[in-house]
Amino acid sequence: MFAIIQSEFLKMRHTFSMKLIILAPLVTLLLGYLLSGSYVQLSTYNWWYFMILPLVVSLCSASMIAREKKSEMQNIVFLPIRFDKIWLGKTAALVILLFVTNLFLWIATTVVGMAASVTVSPLDGLIGCMLLFLTYLWQIPVIMQLACFMGYMKTVFVSLAVNTILSAVCAEKEWFLFVPYAIPARVVCPFFKMHVNGIPLEDGSALLSVGYVLPAVIVSLMFALAVSWGSSKLFSRGGWAHE
C-alpha cells in the first residue's frame with residue numbers, strides 16, 4: 001500500500017492539486033484579511049469550511065480520476081495489483097493531502113491571528129481543523145466515484161453545489177446528523193464560535209455545546225469506511241469504465 005501511495009504522489013508531483021494544498025489556505029487567509037481586517041481568523045475559518053475546503057476536496061479528488069481517464073486507465077489496467085488496492089491507495093494519498101492542507105490552514109491562521117486579533121484560540125483552531133479533516137474523509141471516495149461516471153467538471157460543480165447548499169440549510173438543524181454534508185459545518189461551531197454564515201454565536205447558544213461532536217465524528221468515520229469499501233469494490237468491477 002505504501003508503494004501505491006508513493007506512486008500517486010509521484011503522479012501528482014507537478015500538478016495543480018499539489019500546489020492547491022498550500023495555495024488554497026493562503027488565498028483563504030488573504031480573503032479573510034481583506035474582508036475582516038483584524039478579525040481575520042473568524043472570516044478565514046468561515047470561508048474555509050463553507051466554500052474553499054469543499055472546492056479543494058472536489059478538485060483534488062476529481063482530478064485524481066481525470067488523470068487516469070485521459071490515458072484510458074492504462075496506468076492501472078496493466079499493473080499486477082488488484083484494482084481495489086489501487087483505489088484505496090489513491091484514497092489514502094488524498095487523505096494525507098486533506099490532513100496537510102487543514103494543518104497548514106491552522107498554522108497560517110494562528111500566526112496571522114496573533115499579529116492581528118486572536119478571536120479563535122490556537123487549541124480551538126486546531127480542534128476545528130482536525131474535525132474538518134475527519135468529517136470530510138468520506139467525500140474523497142464519493143467524489144472519485146462520481147468522477148468515474150460524470151467526468152471532471154460536472155463532478156466538481158455538483159460536489160461544490162451540494163456541499164454549499166446542504167451545509168447552509170441543514171447544519172444548524174437538530175437532525176443534521178442525517179445529512180453528512182452538513183456535519184463539518186456543525187461540529188466546528190463550538191470551536192470557531194460562529195454560525196455557518198459567519199456571524200459570531202450568542203452566549204448560551206445551543207451550537208456551543210460539544211455533546212454532539214463525538215457522535216457526528218463517529219457517523220462521518222463510519223460512512224467514510226463504508227463508502228471507501230463499497231467504491232473500491234465497484235472500481236475493481238469496472239466502475240471506472242463509465243462516464
Side-chain angles (χ1 to χ4, degrees), residues 1-2 5-6 8-10 12-33 36 39-64 88-141 143-144 159-160 163 167 183-194 198 210 213-214 216-218 220-221 224-225 228:
M1 182 61 70
F2 177 77
I5 297 173
Q6 188 177 39
E8 294 301 329
F9 280 133
L10 286 174
M12 292 188 289
R13 185 170 48 184
H14 299 298
T15 64
F16 179 65
S17 293
M18 294 298 284
K19 298 179 178 68
L20 193 62
I21 297 305
I22 300 300
L23 182 62
L26 294 177
V27 170
T28 310
L29 191 62
L30 177 61
L31 182 63
Y33 177 75
S36 303
Y39 293 95
V40 58
Q41 281 188 311
L42 282 177
S43 186
T44 298
Y45 283 130
N46 182 245
W47 277 100
W48 180 246
Y49 70 74
F50 185 68
M51 183 69 69
I52 307 300
L53 183 57
L55 180 60
V56 170
V57 175
S58 300
L59 289 171
C60 291
S61 301
S63 66
M64 176 74 80
L88 293 175
K90 290 179 177 295
T91 302
L94 290 169
V95 166
I96 293 172
L97 294 183
L98 176 62
F99 175 81
V100 170
T101 195
N102 275 289
L103 183 62
F104 183 74
L105 185 279
W106 169 71
I107 293 172
T109 305
T110 299
V111 170
V112 172
M114 289 178 177
S117 176
V118 179
T119 51
V120 179
S121 71
L123 179 58
D124 282 346
L126 178 60
I127 294 173
C129 287
M130 291 303 99
L131 287 174
L132 290 175
F133 162 67
L134 293 174
T135 54
Y136 264 95
L137 289 175
W138 68 269
Q139 292 200 36
I140 291 173
I143 295 170
M144 289 200 302
S159 177
L160 182 60
N163 267 287
S167 62
I183 290 177
R186 178 60 179 266
V187 296
V188 297
C189 287
F191 304 99
F192 295 159
K193 295 178 176 57
M194 71 178 89
V210 298
V213 173
L214 182 58
V217 171
I218 292 174
S220 292
L221 292 179
L225 290 173
S228 295

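Numbers here simply count residues along the sequence, with the first being 1.
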Residue pairs fulfilling side-chain hydrogen bond (donor to acceptor under 3.5 Å, both in side chains) with at least one residue in residues 47-64, sequence neighbours excluded: S17-S63, N46-Y49, W48-N102, S58-S159
side-chain hydrogen bond (donor to acceptor under 3.5 Å, both in side chains) partners of residues 123-133, not counting sequence neighbours, each pair once: S121-D124, D124-K193
With a 4.5 Å heavy-atom cut-off, do [X] and [Y] have their side chains touching?
X    : Y    : answer
C60  : L20  : yes
C129 : L103 : no
V56  : P25  : no
V188 : Y45  : no
M114 : P122 : yes
L26  : L30  : no
L53  : L98  : yes

To the nearest 0.5 Å, what is the distance between [atom1] on [X] and [atom2] on [Y]?
X    : Y    : atom1 : atom2 : result
L55  : F50  : CG    : CZ    : 13.0 Å
I5   : I96  : CD1   : CD1   : 5.0 Å
T135 : I218 : OG1   : CD1   : 13.5 Å
Q139 : L94  : CD    : CG    : 12.5 Å
I52  : L160 : CD1   : CG    : 9.0 Å
L221 : S228 : CG    : OG    : 10.5 Å

Measure across [X] and [Y] and return the closest heavy-atom pair with its distance rounded to 0.1 Å.
X    : Y    : value
T44  : L105 : CG2-CD2, 3.9 Å
V213 : V187 : CG2-O, 4.0 Å
Q41  : T109 : NE2-O, 3.5 Å
K19  : H14  : NZ-O, 3.6 Å
W138 : A224 : CB-CA, 3.5 Å
I140 : V95  : CD1-N, 3.8 Å

Residues in ring pair (Phe, Tyr, Trp, His ring centres under 6.0 Å) contact with F99, at least two apart in sequence or another chain: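 Listed in chain order: F133.
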For Y136, ring pair (Phe, Tyr, Trp, His ring centres under 6.0 Å) partners two or more places apart: none
Exceeds 12 heavy-atom contacts within 6.0 angstrom, atom OH of Y33: no
Neighbour count >12 (heavy atoms, 6.0 Å) for atom CZ, F9: yes
Heavy-atom donor-acceptor pair, T28 side chain to A24 backbone, under 3.5 Å: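 Yes; judged by distance alone, with no hydrogens or angles, the pair exists.
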Pairs where residues 97-114 contributes a residue and the test salt bridge (Lys or Arg N to Asp or Glu O under 4.0 Å) is met, not counting sequence neighbours: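 Sorted result for residues 97-114: empty, none.
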Non-neighbouring partners of T91 that pass side chain to side chain donor-acceptor pair (under 3.5 Å), sequence neighbours left out: none
